[in-house]
Amino acid sequence: MSSEDTATAANPATEGGTAPGADTAAPATESAPAAGGKRAAVADIEEAMKDVVDPELGINVVDLGLVYGVHVGDDNVATLDMTLTSAACPLTDVIEDQARQALTTGPGGGLVDDIRINWVWLPPWGPDKITDEGRDQLRSLGFNV
């Protein structure tokens, strides 16, 4: 096992399959120090990603089940395996900008030094990927899920 943290996001998106390139063997653990400082914990990144809201639905990308996996390298750069509700979604730039803001800014410069988003399409997103909290949020907006 490498010294890098890898984990799938804590949502139903990983049930029944994983995103290509996602290594699910290593658990989400506290970070080991990187050469230039501390490496962010996967759980902290997942929590911060709840500030990233899908512009069309108004629900965060974690509870929508759009985050399939998170990997933090020794250089404290987060790689996010993410999908969208539709491959034709024109808002990838908005979501990417929100994710960068949520993870790289804030007190002390943010959780990570930079991010990369690996847009994946397998397994395809479906309503089954939405968390219970996400379903409650959608119901409060009038959606029948």
Side-chain angles (χ1 to χ4, degrees), residues 1-2 4-32 34 38-145:
M1 183 183 293
S2 72
E4 299 175 346
D5 284 340
T6 303
T8 55
N11 67 43
T14 57
E15 292 178 12
T18 58
D23 176 6
T24 60
T29 59
E30 286 303 311
S31 303
K38 189 167 180 148
R39 187 169 35 157
V42 169
D44 292 340
I45 291 172
E46 290 172 351
E47 185 62 32
M49 285 297 292
K50 289 184 177 182
D51 290 339
V52 179
V53 176
D54 180 283
E56 293 178 314
L57 296 173
I59 307 297
N60 75 71
V61 296
V62 173
D63 287 326
L64 277 176
L66 300 179
V67 179
Y68 282 7
V70 175
H71 170 84
V72 182
D74 287 335
D75 56 357
N76 201 35
V77 173
T79 300
L80 309 170
D81 289 331
M82 292 184 65
T83 195
L84 298 167
T85 56
S86 163
C89 179
L91 300 170
T92 55
D93 290 344
V94 173
I95 292 172
E96 195 160 342
D97 289 345
Q98 284 186 46
R100 180 164 277 106
Q101 173 103 12
L103 298 176
T104 64
T105 64
L111 290 171
V112 296
D113 296 331
D114 200 6
I115 68 161
R116 287 188 286 268
I117 296 180
N118 179 30
W119 296 108
V120 295
W121 308 110
L122 292 173
W125 180 87
D128 59 307
K129 307 278 192 266
I130 304 170
T131 66
D132 289 339
E133 188 173 325
R135 290 178 189 284
D136 289 343
Q137 293 172 48
L138 286 168
R139 283 186 197 106
S140 72
L141 294 172
F143 288 94
N144 185 19
V145 290

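Please read all numbers here as calculations on a predicted model, not as lab measurements.
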Margin query: Within the structure provided, determine whether Leu84 and Thr92 are in side-chain contact (heavy-atom separation under 4.5 Å).
Written below: yes
Item checked: Minimal non-hydrogen separation, Ile45 against Ala78, with atom names -> CD1-CB, 4.0 Å
Checklist line | Main-chain N/O of Asp63 paired to Glu133 side chain as donor or acceptor, under 3.5 Å | finding: no
Margin query: Distance check, rounded to the nearest 0.5 Å: Leu111 atom CG versus Thr105 atom OG1?
Written below: 9.5 Å
Check: Of all heavy-atom pairs between Gly73 and Arg39, which one has the smallest distance, and what is that distance?
Finding: O-CD, 2.9 Å
Margin query: Counting only heavy atoms not in Gln101 (residues, nucleotides, ligands), do more than 12 fall under 6.0 Å from its CD?
Written below: no
Item checked: Residues Asp114, Arg100: salt bridge by 4.0 Å N-O rule -> yes
Margin query: Quick one, Val70 and Glu46 - any side-chain contact, counting heavy atoms below 4.5 Å?
Written below: yes
Item checked: Ala102 to Ala48 - nearest heavy-atom pair and separation -> CB-O, 3.7 Å
Margin query: Go through it in stages, so that I can follow the logic: the residues are Ile59 and Phe143, the test is side chain to side chain contact (heavy atoms under 4.5 Å, CB included), and I'd like the CA-CA distance, side-chain angles, deciding distance and then a yes or no.
Written below: CA-CA 12 Å; Ile59 307 297; Phe143 288 94; over 6 Å; no
Next item on the list: Over all heavy atoms of both residues, which pair between Glu56 and Cys89 is shortest? Give the atoms and the distance, please.
Entry: OE1-SG, 4.4 Å
Next item on the list: Under the side chain to side chain contact (heavy atoms under 4.5 Å, CB included) rule, what do Asn60 and Asp51 come out as? Steps first, then yes or no, please.
Entry: CA-CA 6 Å; Asn60 75 71; Asp51 290 339; over 6 Å; no
Next item on the list: Looking only at non-hydrogen atoms, find the nearest pair between Val72 and Asn76 and report the distance.
Entry: CG1-OD1, 3.8 Å
Next item on the list: Could you go through the side chain to side chain contact (heavy atoms under 4.5 Å, CB included) check for Leu64 and Lys129 one step at a time?
Entry: CA-CA 7 Å; Leu64 277 176; Lys129 307 278 192 266; over 6 Å; no
Margin query: Once rounded to the nearest 0.5 Å, what's the spacing between atom OG1 of Thr83 and atom CG of Asn118?
Written below: 10.0 Å
Notebook entry, point to check: Once you round to the nearest 0.5 Å, how far does CD1 of Ile117 lie from CD1 of Ile95?
Noted result: 8.0 Å
Check: Going through the checks in order, is the side chain to side chain contact (heavy atoms under 4.5 Å, CB included) test met by Trp125 and Ile130?
Finding: CA-CA 9 Å; Trp125 180 87; Ile130 304 170; 3.9 Å; yes
Check: For Val145 and Arg139, which heavy atoms make the closest approach, and how far apart are they?
Finding: O-NH2, 2.9 Å
Next item on the list: Could you tell me the separation between the OH atom of Tyr68 and the CH2 atom of Trp121, rounded to the nearest 0.5 Å?
Entry: 9.0 Å
Checklist line | Met49 side, atom CE; Leu80 side, atom CG - distance, nearest 0.5 Å | finding: 5.0 Å
Notebook entry, point to check: Under 3.5 Å, side chain of Arg116 to main-chain N/O of Val77, donor-acceptor pair present?
Noted result: no
Notebook entry, point to check: How long is the span from the CG atom in Leu122 to the CG atom in Asp81, to the nearest 0.5 Å?
Noted result: 12.0 Å
